[in-house]
*Asks:* 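Can you keep this structure in mind? I'll have questions shortly.
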Amino acid sequence: MATFKKFPEDFIFGGATAAYQVEGATREDGRGPCAWDDYMNRPGSRFTADPASDFYHKYKEDLQLSHDFGVNGIRISISWTRILPEGKGAINQAGIDYYNDLINECIKQGVEPFVTLHHFDTPLPFFNNGHWLNRDLIDYFVDYAKICFENFGDRVKKWATFNEPWSIPQNGYIAGNFPPHKQFDMPSAIQMMHIMMVAHAKAVNLYKSMNLPGQIGIVHTLEGKVAMTDKPEDIHARDLDDAMANRFMLDACFHGGYDDETMALINEILEKNDGKLVTYPEDFEEFKKAAEQIDFLGMNYYSSHFLQAHDGESMIYNNSTGEKGTSVFALKGVGARVCNPEVPTTDWDWPIYPVGMYNQLKRIARDYPNYKTIYISENGMGYKDDFIDGKIDDTPRIEYVTQHLEYILKAVAEGVNVKGYYIWSLMDVLSWSNGYNKRYGLFYVDYNDQKRYPKKSAYWYKLMTERKEIVP
Ligand code: BG6
């Protein structure tokens, strides 16, 4: 591949976080419980979210560090239950104050905030009452979004409605490593995605009606899907998995409805799993309006899956410890994600396949040409960092990010409008189902005393932000 090194002048070099994974302080200043609090505190749980990276108290230090290392954008998310402790009803002023202070500090340090409204942390009362299968949540979400737009919309210029709406049902209802810990329920997963897409569309339409000075979009995780062989049945397994994980919601966001081909694949999965999708005509009115107005796609990309036909029952084993080679993932009516011996993996069995990111970028430009702008809103490598005398040599992470950046720049050179890259993660954070030994940060967090240490990758990232090119 020809190498592409130079970034556009206005490119954002960001770092990403999420409220639940960094803030800690889950019982402070009136915050109400979210779905994850109970789950993390269940008997047998290996870790909890307190104090995570203690960002609730240390955000000034983290933003200073970001500034010093050339990071000029940060993804943060708002914890719904800091603003509305019960998910609805009375506003918690301390929550508003906290995010006001945080956003002001971001701006003061020249680290532009990119704010996500929902990053997995659904308020507990809603979670207990059907979660995103309950359509009542649509309007509660829009009410919460309105409060955020009203309070922070004068200063926040980049809003995302949801982070990875696919991960919520995939992990909570198919893989069983997110609450509510269910498995193999593809019909519920598909139904939930539809309901979240309606909530997304309504929030976009509301934001656009408020004439605020920013942009609004959504963050999707795009998983590369590759057929393991040329056999038609493997190619079909690839298409089914791609329809469920990627295409279904991309269609809703950018086509304003589901394409016939997408629906044929989704219906095949539903039929083989005794399910049915319920939609209403007004959902599509909202979709259409939002698709015309959405400003950007936030694209998270970590990995690709290699697909093979699978005729049997569903089987999943989640590698949540970093013991390489232990994952199993096969879904009835979809296909099996298998190991491709030619592709390296992380210790958590995630194939390292940077060309998959390029393929997804090109796919967006080809199939969703009204996308306007793409931000790479997450990309990074989970790694068991060694901390030796205050130093962390995370060369494999630098190599991983370099390979992905080269493919981003190749796509940019070919006309794809990518305006920023937010490394996952800014500092080490709590990994939802893996805990604290799967680290991603530019800044190492010593969880004994919450001290931060820049890793080798942080120095490398800084150099890159100064030169505006990929440095070896
Ligand atoms: C994305 C999420 O799915 O991937 C992040 O948006 C998450 O919140 C990240 O932490 C990495 O996943 P994991 O499971 O390795 O922590």
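Whatever order the structure lists ligands and atoms in, that order sets their numbers, starting from 1.
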*Asks:* Any idea which atoms of ligand 1 are less than 4.0 Å away from a heavy-atom of H119?
*Replies:* 2 (C), 5 (C), 6 (O), 8 (O)

*Asks:* What do you reckon, does E164 have a nitrogen or oxygen under 3.5 Å from a nitrogen or oxygen of ligand 1?
*Replies:* yes

*Asks:* What about Y98 and Y56, are their ring centers closer than 6.0 Å?
*Replies:* yes

*Asks:* Taking only residues two or more places apart in sequence or in another chain, which ones pass ring pair (Phe, Tyr, Trp, His ring centres under 6.0 Å) with F149?
*Replies:* W159, Y207

*Asks:* Within the 4.0 Å heavy-atom shell around S431, which atoms of ligand 1 are there?
*Replies:* 13 (P), 14 (O), 15 (O), 16 (O)

*Asks:* Do E28 and H57 meet the criterion of a side-chain donor-acceptor pair at a distance under 3.5 Å?
*Replies:* yes

*Asks:* Need the ligand 1 atom indices (1-based, order shown) with element for anything under 4.0 Å from a heavy-atom of K438.
*Replies:* 13 (P), 15 (O)

*Asks:* Any N or O on S433 sitting closer than 3.5 Å to an N or O of ligand 1?
*Replies:* no

*Asks:* Before we go on, tell me: are the rings of F443 and Y461 under 6.0 Å apart, centre to centre?
*Replies:* no

*Asks:* Side chains of D37 and Y20: donor-acceptor distance under 3.5 Å anywhere?
*Replies:* yes

*Asks:* Suppose I only count heavy atoms of Q21 and a 4.0 Å limit; which atoms of ligand 1 are within that range?
*Replies:* 5 (C), 7 (C), 8 (O), 10 (O)

*Asks:* Measure the distance from atom 2 (C) of ligand 1 to every protein heavy atom, then report the residue, atom name and distance (to 0.1 Å) of the closest one.
*Replies:* E378 OE1, 3.3 Å

*Asks:* Which of the numbered atoms in ligand 1 are under 4.0 angstrom from any heavy atom belonging to W432?
*Replies:* 5 (C), 7 (C), 8 (O), 10 (O)

*Asks:* Under a 3.5 Å cutoff, is there a donor and acceptor pairing between the side chains of Q170 and E223?
*Replies:* yes

*Asks:* Under 3.5 Å between some N or O of ligand 1 and some N or O of W350?
*Replies:* no

*Asks:* Going by the order shown, which atoms of ligand 1 are within less than 4.0 Å of some heavy atom of Y440?
*Replies:* 11 (C), 12 (O), 13 (P), 15 (O), 16 (O)

*Asks:* The criterion is ring pair (Phe, Tyr, Trp, His ring centres under 6.0 Å); which residues satisfy it with F296, sequence neighbours excluded?
*Replies:* F114, Y375

*Asks:* Counting only heavy atoms, which portion of T221 has something under 4.0 Å from ligand 1: side chain, backbone, both, or neither?
*Replies:* neither

*Asks:* Heavy-atom pairs closer than 4.0 Å: do any link ligand 1 to the side chain of Y302, the backbone, both, or neither?
*Replies:* side chain

*Asks:* Ignoring hydrogens and angles, state whether a donor on the side chain of K456 or T395 is under 3.5 Å from an acceptor on the partner side chain.
*Replies:* yes

*Asks:* Looking only at side-chain N and O atoms, does N318 offer a donor or acceptor that is under 3.5 Å from a partner on S320?
*Replies:* no

*Asks:* Report the nearest protein non-hydrogen atom to atom 14 (O) of ligand 1: residue, atom name, distance rounded to 0.1 Å.
*Replies:* N434 ND2, 3.2 Å

